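Structure record follows, encoded as structure tokens.
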Amino acid sequence: MSSFYMHTSDVLRSSLVSLLFDGTGYGSWRRTILMALSVRNKLDFINGSSVKPLNISPLARQWQRCNDLVVSWLTNSLSKDITRSVEYSELAKDIWSELEERYGHADAAKVFELKKDLAHISQGSLDIASYFNKIKKLWDEIDSLSISRVRSCSNCGFKSDYQKDDDVQKVYQFLMGLNDVYVQTRSNIFMIKPFSSVNTVFSILLLSDEKQRHVSTSPRFLPTSVSFNARVSKQGFPSRINFDAQRPLTCKYCKKPGHTLDKCYKLHGYPPNFKFTKGPDSRKTTAHVEVNSPGPLANVDSNMGPDSV
């Protein structure tokens, strides 16, 4: 298809990007513009490959229409302030060259800030996917500013030693920012020979992250519920019941109730002030206990201890 061809969808006032370029993020804006012009087969109008025909040529008018269309696309993809600085340029090539010269060179201060952020980046509370997207955005932005960087061949896929080393450094940076929970997975990655690419490492960690989530969401008993059940069990079913406290005191020597073995008069002897009397029942001997302190006398069985008084 000729670069002079114009589709019905090619509108004069349309923009090639969703966000207008305001002086920041030139690398991503530039990439979007190049892809949009490539799809429309209009790259020749900004890289200088398409030269304006002579005015006597039958293609001169058609070329001018395509050039004006590309100029309109470029200016509508810029903020108002930047548009005012290029709106009087007649050729799309001139507008593109001015933007490249003004914003396309690597900004040393910007690269420094990006690499500083890259040196301090860590996973923190992010999941694996969010952490990878965050660090990859920094990599891509640094790459877009490093215009002089050596790239791989698009035909054979050959990579220079510089680019291979850069890929290894990205893997190290990605692994260094991981949380300690991935220590074992990180050790396993280092054992892989040859050294894995960034995308391979990401897929391994993503699989490990999904396994950990599955384990953490599986049902299990909580310690609080276990302790609660233990308290209920302890309160509802006492481990030991004192049945002896429910029985009356009985002496194991004389078998009489009311006192214990250590206070049995029959075993240990009667006190000197203890007086015996005989009652109506010949089988029982009663006695009067004489108390030193004033008070009533109490009748007790001669075989019973003082606890029964």
Side-chain angles (χ1 to χ4, degrees), residues 17-19 21-35 38 103-223:
V17 293
S18 57
L19 295 177
F21 175 64
D22 58 356
T24 59
Y26 179 75
S28 59
W29 178 86
R30 178 180 183 273
R31 184 172 181 273
T32 304
I33 293 294
L34 292 177
M35 287 192 301
S38 176
Y103 302 104
H105 294 290
D107 186 354
K110 180 63 176 178
V111 173
F112 173 79
E113 291 296 330
L114 292 174
K115 290 191 175 183
K116 183 179 178 181
D117 294 339
L118 190 62
H120 294 87
I121 193 172
S122 60
Q123 181 183 356
S125 59
L126 300 175
D127 55 26
I128 290 295
S130 300
Y131 167 58
F132 179 79
N133 293 334
K134 183 179 179 180
I135 194 173
K136 189 177 186 302
K137 181 178 181 298
L138 293 175
W139 290 336
D140 294 344
E141 195 168 356
I142 292 174
D143 291 345
S144 66
L145 292 175
S146 303
I147 299 176
S148 60
R149 127 186 217 95
V150 180
R151 301 191 180 277
S152 59
C153 178
S154 57
N155 295 326
C156 64
F158 171 78
K159 291 184 177 181
S160 64
D161 293 338
Y162 171 82
Q163 192 166 5
K164 291 179 181 179
D165 182 68
D166 185 62
D167 292 341
V168 173
Q169 293 300 320
K170 288 181 179 180
V171 174
Y172 286 145
Q173 289 172 349
F174 181 58
L175 294 177
M176 284 189 298
L178 291 174
N179 293 337
D180 293 338
V181 70
Y182 298 101
V183 171
Q184 184 60 45
T185 307
R186 183 166 50 196
S187 301
N188 296 337
I189 292 174
F190 287 140
M191 299 297 294
I192 300 177
K193 301 296 182 182
F195 203 73
S196 303
S197 64
V198 175
N199 292 329
T200 303
V201 171
F202 168 70
S203 62
I204 295 174
L205 287 168
L206 187 62
L207 181 61
S208 175
D209 184 53
E210 291 178 352
K211 289 182 178 180
Q212 289 188 10
R213 289 185 182 182
H214 178 73
V215 172
S216 62
T217 55
S218 60
R220 57 184 179 182
F221 292 105
L222 297 178

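Residues take their numbers from the sequence shown, with the count starting at 1. Predicted, not measured: the structure shown is a model, and the values here were computed from it.
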Could you tell me which non-hydrogen atom of [X] sits nearest to which non-hydrogen atom of [Y], and how far apart they are?
X    : Y    : value
I135 : L118 : CG1-CD1, 3.5 Å
V171 : S196 : CG2-O, 3.6 Å
S203 : T200 : OG-O, 2.6 Å
L126 : K134 : CD1-CD, 4.0 Å
I204 : T185 : CG2-CG2, 4.2 Å

Would a distance-only check, ignoring hydrogens and angles, find a side-chain to backbone donor-acceptor pair under 3.5 Å from Q123 to Y131?
no
Would you confirm whether S187, through its side chain, and V183, through its main-chain N or O, come within 3.5 Å as a donor-acceptor pair?
yes
What residues, two or more places apart in sequence or in another chain, satisfy salt bridge (charged side-chain N to carboxylate O under 4.0 Å, His left out) together with D117?
none
All salt bridge (charged side-chain N to carboxylate O under 4.0 Å, His left out) counterparts of K137, not counting sequence neighbours:
E141
Plane angle bin for F21 and Y103 - parallel if under 30°, tilted between 30 and 60°, otherwise perpendicular
perpendicular
Return the orientation label for the F190 and Y172 ring planes: parallel under 30°, perpendicular over 60°, tilted otherwise.
tilted
salt_bridge(K170, D143) N-O dist < 4.0 Å:
yes
Count the heavy atoms belonging to other residues, nucleotides or ligands that lie under 6.0 Å from CD1 of I192, then report whether that count exceeds 12.
yes
